[in-house]
Amino acid sequence: MPWTIERARGEDLDLDQVLAVYRDSGLGERRPVDDRQRMGEMVRNANLVLVARDDDGTLIGIARSVSDFSYVTYLSDIAVACTHQHSGIGRALIDATRKEAPTAKIVLLSAPAAAEYYPHIGFTAHNSAWVLNP
Ligand SMILES: CC(C)(COP(=O)(O)OP(=O)(O)OC[C@H]1O[C@@H](n2cnc3c(N)ncnc32)[C@H](O)[C@@H]1OP(=O)(O)O)[C@@H](O)C(=O)NCCC(=O)NCCS
């Protein structure tokens, strides 16, 4: 396999590589990628982070969640570098996230560009999601 998936500690990740994946995937348009401090906090404070790396170790994908490892895993962000999209990495990141917390359901808010993706890989829509913005 030309890429591998592994669990990571957010604080150990190279923030520049993480930012490059967010920008390159397109998700950067919907996240505060120009605010390094906030992005650093987002990555460090997530308690379930899976990453994909290519065969030279470069970060090419990330799934960043907050989980209680029992009931629910909130998948905050998933992003795959555009050159590696549609090669199974997104599905593998979600599978690996599930394996880390197998009894927890995964909940997420989809970006518009991924709205067709989640039903395609087995997610069902929920008709009462609510957001209270800061
Ligand atoms: C959405 C994203 C994470 C998917 O990752 P990926 O590695 O490209 O997806 P996979 O290769 O695992 O795709 C699995 C299947 O979903 C399909 N798929 C991929 N992206 C899709 C999309 N945007 N819409 C619909 N289907 C999609 C693939 O064709 C594949 O289908 P198959 O199993 O029938 O061959 C990735 O494309 C991405 O980073 N997009 C930009 C950032 C973004 O929108 N993130 C989501 C934030 S909520």
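Count residues from 1 along the sequence. Atoms within each ligand, like the ligands themselves, are counted from 1 in listed order. Side chains are part of it too, since the values below use all heavy atoms of this structure and drop only hydrogens, waters and symmetry mates.
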Would you call Asp34-Arg23 a salt bridge at under 4.0 Å N-O? yes

Report yes if the side chains of Val33 and Asp35 come closer than 4.5 Å at any heavy-atom pair, otherwise no. no

Tell me, which pairs form a ring-ring contact (aromatic ring centres under 6.0 Å, His included) where one or both residues lie in residues 68-105, sequence neighbours left out? none

Identify the two heavy atoms, one from Arg30 and one from Pro112, that lie closest to each other, and give their separation to 0.1 Å. CZ-CD, 3.3 Å

Does any non-hydrogen side-chain atom of Asp77 lie less than 4.5 Å from one of Arg31? yes

With the threshold set at 4.0 Å, does a side-chain nitrogen-carboxylate oxygen contact exist between Asp12 and Arg44? no

Heavy-atom contacts with ligand 1 below 4.0 Å: which residues, ordered by chain and residue number? Ser25, Leu27, Ile78, Ala79, Val80, Gln85, His86, Ser87, Gly88, Ile89, Gly90, Arg91, Leu109, Ser110, Ala111, Ala113, Ala114, Glu116, Tyr117, Tyr118, His120

